[in-house]
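Just so it is clear, the structure is predicted and the values come from calculations on it, not from any experiment. In each ligand, atom 1 is the first atom listed, and ligand 1 is the first ligand listed.
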Amino acid sequence: MGDTWSDLAAHRKRTADTRITELLRDTGRFDAFSVSVDDMLLDYSKTSIDARAMQMLLKLASCVEAKRDAMFSGEKINTTEHRAVLHTALRNRSYNPVLVDGKNIMPGVQETLKRMRQFCQSVRQGEICAADSQHFTDVVNIGIGGSDLGPVMATLALAPFHDGPRTHFVSNIDGAHVHDVLKDLDPQRTLVIIASKTFTTIETMTNAKTAIIWLTDALGDEHTQHLAAVSSAKEAAAAFGIDPTKVFGFEDWVGGRYSVWGPVGLPLMLAIGPDNFDDFLLGAFEMDTHFREAPLNENMPVLLALVGIWHNNICGYPTRAVLPYDQRLSRLPAYFQQLDMESNGKSVTQSGASLTRDSGPVIWGEPGTNGQHAFYQLIHQGTSVIPCEFLIAAQSFEPDLEDHHELLVANCLAQSEALLLGRDLKVAKSPHREFPGNRPSITLMYRQLTPHTLGKLIALYEHRVFVEGEIWGINSFDQWGVELGKELATKMLPMVTNTDNAGDADTSTAGLLQRYYALK
Ligand code: F6P
C-alpha cells in the first residue's frame with residue numbers, strides 16, 4: 001500500500017494543474033464518476049479525481065473487504081475495547097444468524113424491537129399513559145452525544161411523518177437547556193426518556209435528576225409512570241427507579257454514535273410510528289447489502305470514502321463541508337461531526353504505531369441556502385480549498401410551495417457550478433470580483449427525504465467512515481480521546497465550587513479560576 005500512496009502523490013503532482021472543467025470535457029465523465037443505489041445518486045465528477053487516480057485509490061481500498069466481512073459477522077474488530085461492531089445487526093432484515101462469542105444475537109435484537117414497537121404503539125394510542133390516565137402529549141429525551149444526536153437529527157429530518165407525541169431533547173449540562181425545554185411543558189402530560197448507554201454520563205445523570213424533581217413536584221410518587229430508559233446498563237437504570245418494563249437495553253457491540261437504529265431511536269419511533277421506523281431500518285439494511293455486495297468500483301460508501309481520502313491525504317484539504325439543501329437536515333452536520341470525528345480523529349494505528357499521514361478531517365456545515373449568506377464567501381474566495389458535499393432531494397413535502405423547492409434546487413446546483421467554474425479576471429474586471437473556481441464538490445441527490453432514504457443516507461456515511469478508517473489502519477470504533485476532559489472536569493469541580501482554592505491547576509487555568517471567583 002505504501003507504494004500506492006506515493007504513486008497517488010506523484011500522480012497528483014503531475015495533474016495538479018489540470019482543471020476539473022478540462023476533465024469534464026469528457027462527455028462520459030458524469031456517468032463514469034457517479035454511482036447510484038436505487039434513487040440515490042452520488043456524483044463526484046466535479047472533483048480532480050481522474051481514471052488513473054481512481055484506479056490507484058481503489059487499490060488502497062482492497063484491504064477493506066476482509067475487515068468489512070469481519071465486522072458484519074461479529075468479529076471483535078474494536079480491539080481496544082474488545083468488542084464486536086454490530087450496529088448493522090439492529091437493521092438486519094435477512095435474519096441470518098449473527099454470532100457474538102458463538103451466540104446468535106438476532107433473537108435478542110428482534111425481541112427488543114418488538115418491545116419498542118409495543119411500547120410506542122401503547123404510548124401513541126394512550127394505553128401507556130400519564131398518571132391521570134390521559135395521553136402523553138410530549139416526550140423529552142435526555143441524553144448526549146450518540147444518545148442524543150441521532151434521534152434529534154432524525155426526528156427533525158422526518159417532521160412530515162410525525163403523528164405521535166411532540167418530542168423534545170435535552171443534552172447540555174448547561175441548566176439553560178433543561179430549563180428552557182421543561183418550562184413550556186406540562187409534567188402531567190410528559191414522558192421522560194433517559195438515554196445513556198453507560199448510565200454514568202454526568203450531563204445525562206444531572207439532567208435526569210433535574211427532570212425527575214420536576215416530575216415529582218407535580219406528581220409525587222406517581223412520577224415513575226412518566227419515566228422510561230434506554231441503556232446498556234439495565235441494572236443502573238433500574239436502580240434509578242425506572243420500571244424495568246420501560247427499560248430498553250442494547251449491547252456493548254453497538255457504539256453510541258451508531259446507536260440510533262435500536263432503543264436510542266425510541267423518541268424517533270414515538271414521533272413517526274413503528275412502521276415508518278421499520279422503513280428507516282430497511283433503508284439502512286439496503287445500503288448495508290449494497291456495501292457488502294457491490295464491487296469496490298461501484299460501491300457507493302467505498303467511492304465516497306475514496307473521494308474523502310483523495311481530498312484529505314492527496315490534495316491536503318483538511319476539512320470538508322456538509323451542506324444539506326434541506327432545512328430539516330439542519331442537525332445532519334452535527335450528527336456527521338460525531339460520527340466522523342469521534343470515529344476517525346485518531347493518531348495511532350490499530351497496532352498502536354503513530355500514524356504517518358493525516359486521519360479524519362474536520363467536518364462542519366450548515367444547511368443551504370442559509371450558509372450561502374454566511375460562510376460561502378470563504379468557500380468561494382478564501383485561501384483554503386474546502387471540498388463541499390451537497391445534499392438535495394428532487395421532491396419536497398410541500399407541493400403548494402414548489403416554487404421554493406425549485407429555487408432551493410437551483411441554488412444547490414448553482415453553488416457547485418460556481419465552485420467549479422469560478423470567474424476569471426478578464427470577466428471579473430477586478431481582483432476582488434475574481435473567483436478561482438476549480439473547487440471540488442460532490443452532490444448526493446435522492447427522490448425525497450423519507451424514513452427509507454434517511455436510513456440509507458446515514459448507513460452510507462457510517463460505512464464511508466469505516467472505509468476511511470480502515471485505509472488509515474485506525475480503530476474507528478473507540479473514543480479514548482474524550483476521557484481526559486471528563487477526568488479533569490471531575491477534578492476541576494471542587495476548585496470551581498470552593499471559590500478560594502485553585503488547587504494545583506496550571507497557571508493559566510488558575511488565573512481563569514481567580515477571575516471566575518472575582519466575577520461570581
Ligand atoms: O463522551 C463521548 C461519549 O462517550 C460518546 O461516545 C457517547 O455517545 C456519549 O458520550 C454519551 O454516552 P452515554 O450514552 O453512555 O451517556
Side-chain angles (χ1 to χ4, degrees), residues 77-87 90 112 116 140-155 169-174 177-178 192-212 227-240 242 247-268 331-346 360 363 458 461-462 465-466 469 474-493:
I77 64 165
N78 175 358
T79 45
T80 61
E81 296 181 312
H82 314 290
R83 288 176 183 167
V85 174
L86 279 171
H87 46 281
L90 300 178
T112 303
M116 285 171 64
V140 176
N141 188 76
I142 297 180
I144 196 165
S147 299
D148 167 71
L149 283 164
V152 90
M153 175 277 295
T155 305
F169 295 87
V170 173
S171 51
N172 202 323
I173 190 74
D174 184 347
H177 203 180
V178 67
V192 173
I193 302 173
I194 306 168
S196 173
K197 179 174 171 182
T198 54
F199 234 74
T200 58
T201 304
I202 191 72
E203 290 92 335
T204 302
M205 295 301 106
T206 307
N207 281 324
K209 282 178 193 146
T210 301
I212 288 173
L227 287 174
V230 168
S231 186
S232 291
K234 288 207 262 183
E235 302 73 35
F240 223 75
I242 298 164
V247 176
F248 299 87
F250 60 104
E251 306 298 326
D252 69 3
W253 37 258
V254 179
R257 55 193 173 274
Y258 299 88
S259 63
V260 67
W261 314 104
V264 167
L266 201 62
L268 175 65
R331 295 298 283 156
L332 190 74
Y335 178 79
F336 282 168
Q337 265 172 353
Q338 188 197 16
L339 176 62
D340 207 317
M341 294 168 80
E342 200 168 70
S343 297
N344 284 346
K346 311 280 166 68
I363 311 295
I458 303 307
Y461 272 78
E462 283 179 352
V465 165
F466 165 76
I474 59 179
N475 178 358
S476 299
F477 298 104
D478 60 10
Q479 56 286 315
W480 296 100
V482 300
E483 292 306 317
L484 182 60
K486 286 186 195 172
E487 276 168 37
L488 292 190
T490 310
K491 204 173 145 211
M492 188 66 64
L493 185 60

> Are any of the side-chain heavy atoms of Ile458 and Phe336 separated by less than 4.5 Å?
Replying inline: yes

>> So, using side-chain contact (heavy atoms from CB on, under 4.5 Å) as the criterion, who are the partners of Thr201 when residues are at least two apart?
In response: Ile144, Ser196, Thr198, Glu203, Thr204

> Mind checking what makes side-chain contact (heavy atoms from CB on, under 4.5 Å) contact with Asp148, not counting sequence neighbours?
Replying inline: Val152, Phe169, Ser171

> Testing Leu339, Asn475, Ile474 for side-chain contact (heavy atoms from CB on, under 4.5 Å) with Asn344, which one passes?
Replying inline: Ile474

> Protein residues near ligand 1, heavy-atom distance below 4.0 Å?
Replying inline: Ile144, Gly145, Gly146, Ser147, Ser196, Lys197, Thr198, Thr201, Gly256, Gln338, Glu342, Gln479, Val482, Lys486

> Between NZ of Lys234 and CZ of Phe248, what distance do you get to the nearest 0.5 Å?
Replying inline: 10.0 Å

> Looking at residues at least two apart in the chain, or sitting in another chain, which of them share a side-chain contact (heavy atoms from CB on, under 4.5 Å) with Ala208?
Replying inline: Ile194, Phe240

